[in-house]
Amino acid sequence: MSMPAYKTDEAAQQPVRPQLISVEAAKQLDAQQVKELFTAHINPGQVHFLKLLGFDKILVDRAEGMHYITRDGRKILDFFGGFCSVAFGHNHPRIVAARKKFQDENRHEICMAFMSQYASALAKNLATIAPGDLDMVFLGSTGSEAMEAALKVAEQVQGPAKSKILHAANSFHGKTKGVLSVTDSTLYQSQFKLVENRVKVPFGDIEAVRQALESDPSIGIVVMETIQGGGGIVEAPDGFWRQLRALCDKHGVLWIADEVQCGLGRTGQFFAFERDGVVPDVTALAKALGGSKAAMGAMIARRELYMKAYGKPKTALIHAQATFGGMGEACVSAIEALNVLYDEDLMGNARRQGDYLIERLNGLRAKHPTLLKEIRGRGLMIGVEFQDISETMPFGVKHMVALLDDKLKGSLCGFIGALLLKDYDVLVAFTEYNRNVIRLEPPLIITREQCDQFIDALDDLLCRGITRIVTDYLRKVAVAKG
């Protein structure tokens, strides 16, 4: 028995157009509207912290060079730098021009079926810059993706019998599940089921590394940030990386250097590990690699290792580039950024301005010893550690307040960061693990005058003293947040 033909109502099949926000309408949203949408559809819990700092009142209209420019015309000096992402400043004219030319000529963006000249050229440039035989490149979009690729190539080389990963305390390598396993944060790790073949040692403790490698032959990979960003801008002791390289060679262990934050010239050299005259087996870049305009990450491995992992036709596609790995315009942005880095001597500028900032910050520490504990860092990756709240108090109440230091940790940084923005139009970054540390990671284009502007603002704020800093925060930020 034949079935009757199924009849459709063409009008009923037409989708009803939803009420969508246009690009122009999005541009016109005010701060309150943006906060409502963010709360409703992105992360309501995050809004709580933005309110504590007064950051929920700010709506950025555009950005140029060292500054964010708000809807009401404020110019905010950027010492945050997007956790090292804004190395080239906001909208560097050469990088913007390269992207515009790419768009105007309708060049290809997603090129999975064919070889991309832009991805190939970027890989060649990175191989040319990288020391030793670091010359095989995997392109992705984020630091997490680059670090996942680094761990996978190392594990593929080492095999199951030597797949355990040694990582450092207070490490941050990303939030995707593989690298989250070696990110030392109970907050970020939460209740996720993580990779179990890992072991943790104190950062910079070469004897702990030695003991681990000697006692456990299943350790085949060591992964560490060359400079710990989330840990509060922490460097290993002198000689550590040379000793680590020797230990890895002795025990047949592969060393992965995470340079996602500290790489690309931020310390005054392209890679932070170059200062010690050593070369890792695998490294990773991201953050600033896209020229502060595109999402771009890269893993760079020694050719011998990469070929062992993926060099044959039957293994070539085990970890090939993903859909958005090597996007045309992102690659063009990175190619131009690398050229700008050298043409404008941004690494030299990072070294010079960083030395100047650290010198002046140490002057502030001597002037305000009850507020500032330590200044550390290299180039334009600087940590300013504040004292615990109890250390800022008069002697008579210090011991009582000390009982609350742990609970109040990070509060002084919050007061300082909020007031720098509110009263001086200066934006700084905070730290995941040591909450008493403010991170200074401004664009590498910074001038001496802008360094002085920041130092003068911080000095003026610290001169208020702890009592007025707290009361000004409560009056200007906490009460104003509503």
Side-chain angles (χ1 to χ4, degrees), residues 63-67 77-99 101 121-132 134 226-227 229 233 235 257 259-279 283 285-294 296 298 300 330-361 376-382 429 439-455:
E64 298 172 5
M66 282 291 299
H67 295 92
L77 183 63
D78 184 9
F79 264 71
F80 182 122
F83 293 125
C84 300
S85 297
V86 195
F88 299 91
H90 298 277
N91 291 304
H92 190 289
R94 275 184 54 177
I95 297 169
V96 169
R99 290 167 62 86
K101 182 175 174 61
L122 175 58
K124 167 59 177 173
N125 284 351
L126 290 171
T128 299
I129 293 168
L134 287 169
T226 313
I227 299 175
I233 315 300
E235 291 205 63
E259 295 253 340
V260 167
Q261 288 190 43
C262 62
L264 224 94
R266 180 150 293 275
T267 65
Q269 293 173 284
F270 192 91
F271 295 101
F273 60 71
E274 290 183 277
R275 185 187 68 173
D276 294 85
V278 290
V279 181
T283 191
L285 297 167
K287 299 293 187 187
L289 183 56
S292 311
K293 288 295 292 182
M296 173 61 71
I300 315 173
C331 287
V332 165
S333 303
I335 291 168
E336 188 68 5
L338 293 176
N339 281 277
V340 167
L341 187 70
Y342 289 94
D343 292 346
E344 298 187 2
D345 188 29
L346 296 187
M347 286 186 281
N349 193 59
R351 185 171 57 253
R352 291 186 295 272
Q353 305 305 341
D355 288 347
Y356 179 69
L357 267 173
I358 290 171
E359 178 185 355
R360 291 216 59 193
L361 284 165
R376 54 180 178 265
R378 197 187 338 160
L380 290 173
M381 191 173 183
I382 299 170
R439 298 157 71 171
L440 307 179
E441 296 164 337
L444 308 188
I445 63 170
I446 192 171
T447 64
R448 181 66 56 93
E449 292 72 24
Q450 289 160 343
C451 291
D452 287 333
Q453 180 185 341
F454 167 77
I455 293 293

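Values below: all heavy atoms of this structure, side chains included; hydrogens, waters and symmetry mates excluded. Counting begins at 1 with the first residue of the sequence.
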Worksheet item: Would you say the side chain of Phe270 lies within less than 4.5 Å of the side chain of Pro131, judging by non-hydrogen atoms?
Response: no

Item to complete: Examine distances only and state if a side-chain atom of Arg448 and a backbone atom of Tyr356 form a donor-acceptor pair shorter than 3.5 Å.
Response: no

Worksheet item: Charged N to carboxylate O below 4.0 Å: is that the case for Glu235 and Arg275?
Response: yes

Worksheet entry | Heavy-atom side-chain proximity of Val260 to Phe83 below 4.5 angstrom | no

Discussion item. Is the shortest side-chain heavy-atom distance between Ile129 and Tyr342 below 4.5 Å?
Written reply: yes

Discussion item. Looking at Ala272, is its backbone amide N or carbonyl O close enough to the side chain of Glu259 to form a donor-acceptor pair, meaning the two atoms are under 3.5 Å apart?
Written reply: yes

Practice prompt. Please round to the nearest 0.5 Å and tell me the distance separating atom CG of Asp78 and atom CD of Gln450.
Written response: 10.5 Å

Practice prompt. Identify the two heavy atoms, one from Gly354 and one from Ile382, that lie closest to each other, and give their separation to 0.1 Å.
Written response: O-CD1, 4.1 Å

Item to complete: For residues Ala121 and Ile335, report the shortest heavy-atom separation together with the two atoms involved.
Response: CB-CD1, 3.9 Å

Discussion item. Ring-plane angle category for His92 and Phe88, please: parallel below 30°, perpendicular beyond 60°, tilted otherwise.
Written reply: perpendicular

Worksheet item: Ile455 and Glu359: side chain to side chain contact (heavy atoms under 4.5 Å, CB included), yes or no, with the steps?
Response: CA-CA 11 Å; Ile455 293 293; Glu359 178 185 355; over 6 Å; no

Response to the item:
Correct closest heavy-atom pair for Met347 and Gly265 would be CG-CA, 3.4 Å

Worksheet item: In Å, rounded to the nearest 0.5 Å, how long is the span from CZ of Arg378 to CD1 of Ile358?
Response: 10.0 Å

Worksheet item: Taking Ser292 for the side chain and Ala87 for the main chain, is one N or O donor matched with an acceptor at less than 3.5 Å?
Response: yes

Worksheet item: In Å, rounded to the nearest 0.5 Å, how long is the span from CD of Glu344 to CG of Asn339?
Response: 10.5 Å

Response to the item:
Ala298 and Leu289 have their tightest heavy-atom pair at CB-CD2, 3.7 Å

Item to complete: Hey, could you give me the SG/CZ distance between Cys451 and Arg360, rounded to the nearest 0.5 Å?
Response: 9.0 Å

Discussion item. Would you say that Thr267 contacts Thr226 through its side chain, given a criterion of any heavy-atom pair below 4.5 Å between the two side chains?
Written reply: no

Worksheet entry | Side-chain touch Leu264/Leu444, heavy atoms, less than 4.5 angstrom | no

Practice prompt. Check the pair Lys293 / Glu336 against side chain to side chain contact (heavy atoms under 4.5 Å, CB included), numbers first and verdict last.
Written response: CA-CA 11 Å; Lys293 288 295 292 182; Glu336 188 68 5; over 6 Å; no

Discussion item. Is any side-chain heavy atom of Lys101 closer than 4.5 Å to one of Val332?
Written reply: no

Worksheet item: Do the side chain of Glu441 and the main chain of Arg266 share a donor and acceptor less than 3.5 angstrom apart?
Response: no

Item to complete: For Thr283 and Ile300, indicate whether the former's side chain and the latter's backbone hold a donor-acceptor pair under 3.5 Å.
Response: no

Fill in: Side chains of Leu126 and Leu338 in contact at under 4.5 Å (non-hydrogen atoms)
yes

Fill in: Smallest separation among heavy atoms of Gly229 and Met381, with atom names
CA-CE, 3.9 Å

Fill in: side chain to side chain contact (heavy atoms under 4.5 Å, CB included) between Leu380 and Leu440, intermediate numbers included
CA-CA 7 Å; Leu380 290 173; Leu440 307 179; over 6 Å; no

Fill in: side chain to side chain contact (heavy atoms under 4.5 Å, CB included) evaluation trace for Asn349 with Ile446
CA-CA 8 Å; Asn349 193 59; Ile446 192 171; 4.2 Å; yes

Fill in: Closest approach of Pro442 to Met66 (non-hydrogen atoms, all atoms of both residues)
CB-CE, 4.1 Å

Worksheet entry | Side-chain touch Leu357/Phe79, heavy atoms, less than 4.5 angstrom | yes

